[in-house]
Protein chains: 2
Amino acid sequence: MIRYTPAETVQRSGFSLDTLRYYERIGLLEHVDRTTGGRRVFSDDDLGWLGLLRCLRDTGMPINVMCRFAELTRQGDETVADRVELLEQHSVAVEAQLELLLRQHGHLREKIAHYRAILAPDVC
Amino acid sequence: MIRYTPAETVQRSGFSLDTLRYYERIGLLEHVDRTTGGRRVFSDDDLGWLGLLRCLRDTGMPINVMCRFAELTRQGDETVADRVELLEQHSVAVEAQLELLLRQHGHLREKIAHYRAILAPDVC
DNA sequence: CTGACACCTGGAGTGCGCTCCAGGTCAACT
DNA sequence: AGTTGACCTGGAGCGCACTCCAGGTGTCAG
C-alpha cells in the first residue's frame, strides 16, 4: 500500500496543500491518515478520489455539488443510482459548456480573420 | 440608425443591467449615448461590441485583459496588430481549455459507465 | 544534537465579477 | 395631474474558491 506525503500529493493531484486542507475541512476529503506526529499521509485511494475531484472541478462543478457527491459516496452502495444521476446531469452541463466554447471559439477566429484582413487587405 | 433602451440591450446582449453599468464604469463600454433625461441609449455598434465582449467572457478572458483590449481599440487603427496578437493568444488558451474539457468529459463518461456497471453488473 | 525545513492549526484575508441598495428622476399611460 | 414602473447614481455587499498568516511542532540530514 503506497502512501504519499503532503508534498507528493500536491505534486500528483495538482491541488495546492492549502486546497487539500480546505477540501478536508469542508468534507470533500475524509479521514486522511496521519503519522503519530499528526502529519497527513495520503493513500492511493485518496489520490484516486482527488483525481475524480479534479475532473469535476476542471469541468466546472461547483464545490457544494461536489460536497453533495462526496456525501452520497460516504453513504455507501445504495446511493450509486443517485451518484449516476448527479454525474449524468453534470455531463449534460459539460456538453453544453463544450458547445458554447466551440461556438465562441469560432467567433473569435472570425474576429481574428477580420482584423487580419484589415492588416493586410491585398494579401490573398 | 437603430437605438435600444437599456431593457432591450439586456435582452439582446444577455448581460444584466447592473453588468452593463459596471462595464461602463470600468471602461469596457465607452460613451454610451443618453437621452436628455439621462437614460442610456445603446446603438447597433454598442450591441456589436457587447457581442464581442460576450464572446471573450464566455471563453474565459479575465476582465482586466478585456479592459486592455478595449483600451487598444480606443487608441485606433494603429493598434490592430496588437489586438490580433492579444486575440491570438487568447485563442490558444481557449484551445487548451477545450482540450482539457474534452479530456475530462471523457473521464466523467468513464466514471459514469463504471457506476452503471455496478448498478447492473449482468446486463450487457 | 542541531539546524533547516516541511508540516500543523484556526482563523483572517483576497481577488474576481458581479449584484444589491437607498434615495432619487424620468416617461408613458389613464 | 397622478401613478406606475423603468431607469439613474454612488457606494456597499456578496459568493465563490481558495490563499495567506502567525505561531507552533515533527522529521531528518549531517
Side-chain angles (χ1 to χ4, degrees), chain A residues 3-43 46-47 49-50 52-71 90 93 97 100 104, chain B residues 3-43 46-47 49-50 52-71 90 93 97 100 104:
Chain A
R3 332 224 85 207
Y4 306 91
T5 65
E8 280 167 345
T9 309
V10 164
Q11 173 75 26
R12 284 165 189 266
S13 71
F15 291 114
S16 77
L17 187 48
D18 265 320
T19 298
L20 291 174
R21 291 198 272 245
Y22 168 67
Y23 281 4
E24 205 177 338
R25 249 188 287 194
I26 64 174
L28 266 186
L29 212 51
E30 229 196 5
H31 49 67
V32 175
D33 261 17
R34 301 297 180 116
T35 65
T36 53
R39 270 100 195 277
R40 287 172 184 81
V41 181
F42 294 88
S43 68
D46 291 329
L47 264 287
W49 176 248
L50 285 171
L52 180 52
L53 294 186
R54 174 135 295 285
C55 168
L56 298 178
R57 282 302 293 129
D58 282 351
T59 51
M61 180 180 282
I63 291 279
N64 63 78
V65 178
M66 288 179 18
C67 285
R68 220 151 59 68
F69 183 75
E71 176 60 24
H90 181 58
Q97 200 185 334
L100 175 63
Q104 296 292 36
Chain B
R3 330 226 86 208
Y4 305 92
T5 66
E8 280 166 344
T9 308
V10 164
Q11 172 76 26
R12 283 164 189 267
S13 71
F15 291 114
S16 77
L17 187 47
D18 265 321
T19 299
L20 292 174
R21 291 198 271 246
Y22 167 66
Y23 281 5
E24 206 177 336
R25 248 187 288 193
I26 64 175
L28 267 186
L29 212 52
E30 229 197 6
H31 50 65
V32 174
D33 260 16
R34 301 298 180 114
T35 65
T36 53
R39 271 97 195 280
R40 286 173 184 80
V41 180
F42 294 88
S43 68
D46 292 329
L47 264 288
W49 176 248
L50 286 171
L52 179 52
L53 294 186
R54 173 135 296 285
C55 168
L56 299 178
R57 282 303 293 131
D58 282 350
T59 50
M61 180 180 282
I63 293 278
N64 63 78
V65 178
M66 288 179 16
C67 284
R68 222 151 59 69
F69 183 75
E71 177 60 25
H90 180 58
Q97 202 186 332
L100 175 63
Q104 296 292 35

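Within every chain, numbering begins at 1; the chains are lettered A, B, ... in the order of the sequence lines, protein sequences first and strands thereafter. Predicted model, so just to flag it, every value in this text is computed and none were measured. Values below: all heavy atoms of this structure, side chains included; hydrogens, waters and symmetry mates excluded.
As a whole-Å value, the separation of A:L29 CG from D:dC18 P is 13 Å. Taking atom CD on A:E24 and atom C1' on D:dC18, their separation rounds to 16 Å, with Å as the unit. Rounded to an integer number of Å, the gap from B:L17 CG to D:dA6 C1' is 9 Å. A:Y22 places its OH atom 10 Å from the P atom of D:dT19, with the value rounded to the nearest Å. Taking atom CG on B:N64 and atom C1' on C:dC16, their separation rounds to 10 Å, with Å as the unit. Rounded to whole Å, atom C1' of D:dC8 lies 8 Å from atom CZ of B:R34. When the P atom of D:dC16 is taken as reference, atom CD1 of B:I63 falls 19 Å away, rounded to whole Å. Across the protein-nucleic acid pair, A:R57 atom CZ and D:dC16 atom C1' stand 9 Å apart, rounded to whole Å.
OP1 or OP2 of D:dC18 sits under 4.0 Å from a side-chain N or O of A:Y23. Applying the 4.0 Å criterion to OP1 and OP2 of D:dC8, one finds that B:R40 has a side-chain N or O inside that range. OP1 or OP2 of D:dA6 has not a single side-chain nitrogen or oxygen of B:T5 nearer than 4.0 Å. An OP1 or OP2 oxygen of C:dC26 is reached within less than 4.0 angstrom by no side-chain nitrogen or oxygen of B:T36. A:S16 has no side-chain polar atom (N or O) that falls below the 4.0 Å cut-off from OP1 or OP2 of D:dC18.
A residue-by-residue look at B:M61 and B:G37 shows that B:M61 has its nearest nucleotide of DNA chain C further toward the 5' end.
B:R40 CZ to B:R34 CZ: the interatomic distance, rounded to the nearest 0.5 Å, is 4.0 Å.
If you check distances only, the side chain of B:D18 does reach the base of C:dC20 with a donor-acceptor pair under 3.5 Å. Counting atom types as modelled, B:R39 pairs a side-chain N or O with a base atom of C:dC26 as donor and acceptor under 3.5 Å.
A donor-acceptor pair under 3.5 Å links the side-chain atoms of A:W49 to the main chain of A:L28, judged by distance alone. With hydrogens and angles ignored, the 3.5 Å screen pairs no side-chain donor or acceptor of B:T19 with any backbone N or O of B:F15. Looking at A:R57, its side chain does come within 3.5 Å of a backbone N or O of A:M61 through a donor-acceptor pair.
Looking at heavy-atom distances under 4.0 Å, A:R25 makes contact with a base. Contact annotation for A:F15: no contact, since no heavy-atom pair falls under 4.0 Å across all strands. Note on A:R21: a base of the nucleic acid sits closer than 4.0 angstrom, heavy atoms only.
Contact check for A:H90 versus A:T59: side-chain heavy atoms found under the 4.5 Å cut-off.
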